[in-house]
Amino acid sequence: MKYYDKLIFELSREGRSGYSLPENKFGHCLKELPKALRRPAAPELPKVSEIDVVRHYTNLSQMNFGVDTGFYPLGSCTMKYNPKINEEIAALPGFNGLHPLQPEATVAGAKAVYEGMDKALAAITGMAGFTFMPCAGAHGELTGLMIIREYHRRRGDTARTKIIVPDSAHGTNPASAAVCGLEVVEVKSNANGLVDVEALKPLLGPEVAGIMMTNPNTLGLFEKDIKEIAALVHECGGLLYYDGANMNPLLGVVRPGDMGFDVMHLNLHKTFSTPHGGGGPGSGPVGVAKHLVDILPDVKVSGFNGNFGVILRAYAYILMLGRENVKLAGKYATLSANYIKESLKDCYKLPIPSVCKHEFVYDGLIDDGASKAPDGHGATTLDVAKRLLDFGFHAPTIYFPLLFHQALMIEPTETESKETLDDFIEVMRKIAAEAAENPMILRDAPHCTPIRRPDETTAARNPILKYQDSICE
Ligand SMILES: *Cc1c(COP(=O)(O)O)cnc(C)c1O
């Protein structure tokens, strides 16, 4: 049996213990809890020594993959390294011990963090003001769309029920629009992977509330026609929403406010280096242009002021970089992505060859090894992703965006050294060679992870979370 096959309860042995409490010298001053509040019997805790506990949890922690353990080029997610000073600052007792219902006079420091962050984000984005309530990017999208809807309502323009979303958009865009009660109208991308301005024109009219765009888009390409698109949408009476999940390469270089966007969110947990993955916690502050600032206080999407710890970490990161170095983050992220893109394009199909921003998309292997495998199938993008795990790399995002059949979306971020990028390139080459020579190695991968290939559909649709029925059986 391997370490991960056992629960800590199975390690339990009668008489073992991991602690010893000092003798109670104050017994006479302790009052017993009322009987009604006490358990009828002592809890059944495992009886384990300190070293059992330390090994158990250390081993469990190493079954997981994190940016602290290896390269994590997960496209669209910006898994950059989170400097540890952010954690130290978030753990300061003056911040960590705050309660949201504390009297305002006692939280001057926290207020200063919000004010400082508001100013910093306004400078970075060209927006006039922010709300920090939204707790994720998707939550920010919903908030921003509520602001757009409220803007039209206040003007008595209630016919605007449609929102335009490009076909390359992240799935949360149409989902947020639907949750907000808006009808989603898709606009096609052209052969260069950009919003097709000619296809957009006939969609515009008096029913359009606005357009949601990501720039650079999910292919990592800068929407260079954005000025023209902004003029067209504004002319028809709509507003422009900016999905700021891809703000990383633009930091200190271009501002959404200057591109013509009216409302936007930022994913602080992506661009501004706070830990994320596994569902949170996140922070998706929403910024608005001057003409929408009045609406901000009326759109409430959280009980309090968002995830303060995430905002604080992001603020620490921004202050640590400072105005000048913020500009370098995006440039290095762009350089790293283009370096990988160009280095592997002889092995992996590059459907859109233009210069990318912080990420790019391959469309699977060039030689899929079709003739080499017994059943005639070659190696797919899924196989490449699984094989990467054997070499200690997290897989890129796969099968997204939906524009290509074998999408492999790679985002290296600015925090990786050239040596790490070179290691990754070498491994990707090796995998391409394996795919040509012996695709079964890929088809059976991963070979070295605690779990091989779970049935992903069943795992998502019918998760069995009880120990007895799990893989450990
Ligand atoms: C991550 C992402 C989102 C959603 O953000 P969450 O914080 O995960 O809710 C939206 N759009 C794009 C382009 C993204 O990459």
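Whatever order the structure lists them in is the order used to number ligands and atoms, beginning at 1. Just so we're clear, the structure is a prediction, and the values are computed from it rather than from any experiment.
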A.B. asks: Check the orientation of Phe95 and Phe308. Use parallel for under 30°, tilted for 30 to 60°, and perpendicular for over 60°.
C.D. replies: tilted

A.B. asks: Tell me if the CD1 atom of Ile85 is crowded by more than 12 foreign heavy atoms within 6.0 Å.
C.D. replies: no

A.B. asks: Pick, from His269, Met212, Lys270, the option with the minimum heavy-atom distance to atom 2 (C) of ligand 1.
C.D. replies: Lys270

A.B. asks: If the threshold is 4.0 Å, N to carboxylate O, is there a salt bridge linking Asp383 and Arg387?
C.D. replies: no

A.B. asks: What I want to check is whether the side chains of Asn248 and Glu414 have a donor and an acceptor closer together than 3.5 Å.
C.D. replies: yes

A.B. asks: Just need the protein heavy atom nearest to atom 6 (P) of ligand 1, so name the residue and atom and give the distance.
C.D. replies: Gly137 N, 3.4 Å

A.B. asks: Polar contacts were defined as any N/O atom of the residue lying under 3.5 Å from an N/O atom of the ligand; does this apply to Asn173 and ligand 1?
C.D. replies: no

A.B. asks: Does the pair Lys111/Asp118 count as a salt bridge with the N-to-O cut at 4.0 Å?
C.D. replies: no

A.B. asks: Give yes if a backbone or side-chain nitrogen or oxygen of Thr218 is under 3.5 Å from a nitrogen or oxygen of ligand 1, and no if not.
C.D. replies: no

A.B. asks: Say whether Ala138, considering both its backbone and side-chain N or O atoms, lies within less than 3.5 Å of an N or O atom on ligand 1.
C.D. replies: yes

A.B. asks: Looking at Asp68 and Lys84, is there a salt bridge between them, counting it only when a charged N and a carboxylate O are closer than 4.0 Å?
C.D. replies: yes

A.B. asks: Between His139 and ligand 1, which residue portion shows a heavy-atom distance shorter than 4.0 Å: side chain, backbone, both, or neither?
C.D. replies: neither

A.B. asks: In the protein, what heavy atom is nearest to atom 5 (O) of ligand 1, and what distance, to one decimal place, separates them?
C.D. replies: Asn267 ND2, 3.0 Å

A.B. asks: Would you say the side-chain atoms of Asp262 and His234 include a donor-acceptor pair closer than 3.5 Å?
C.D. replies: yes

A.B. asks: Give a yes or no on whether a salt bridge exists between Arg429 and Asp346, defined as a side-chain N under 4.0 angstrom from a carboxylate O.
C.D. replies: yes

A.B. asks: Tell me which one of Leu266, Thr172, Asp243 gets a heavy atom nearest to atom 11 (N) of ligand 1.
C.D. replies: Asp243

A.B. asks: Ignoring angles and geometry beyond distance, decide whether Ser76 reaches within less than 3.5 Å of ligand 1 through its nitrogen or oxygen atoms.
C.D. replies: yes

A.B. asks: Quick check: Ala136 and ligand 1, any N/O pair under 3.5 Å apart?
C.D. replies: no

A.B. asks: With heavy-atom distances below 4.0 Å as the criterion, list the atoms of ligand 1 near Glu141.
C.D. replies: 10 (C), 11 (N)

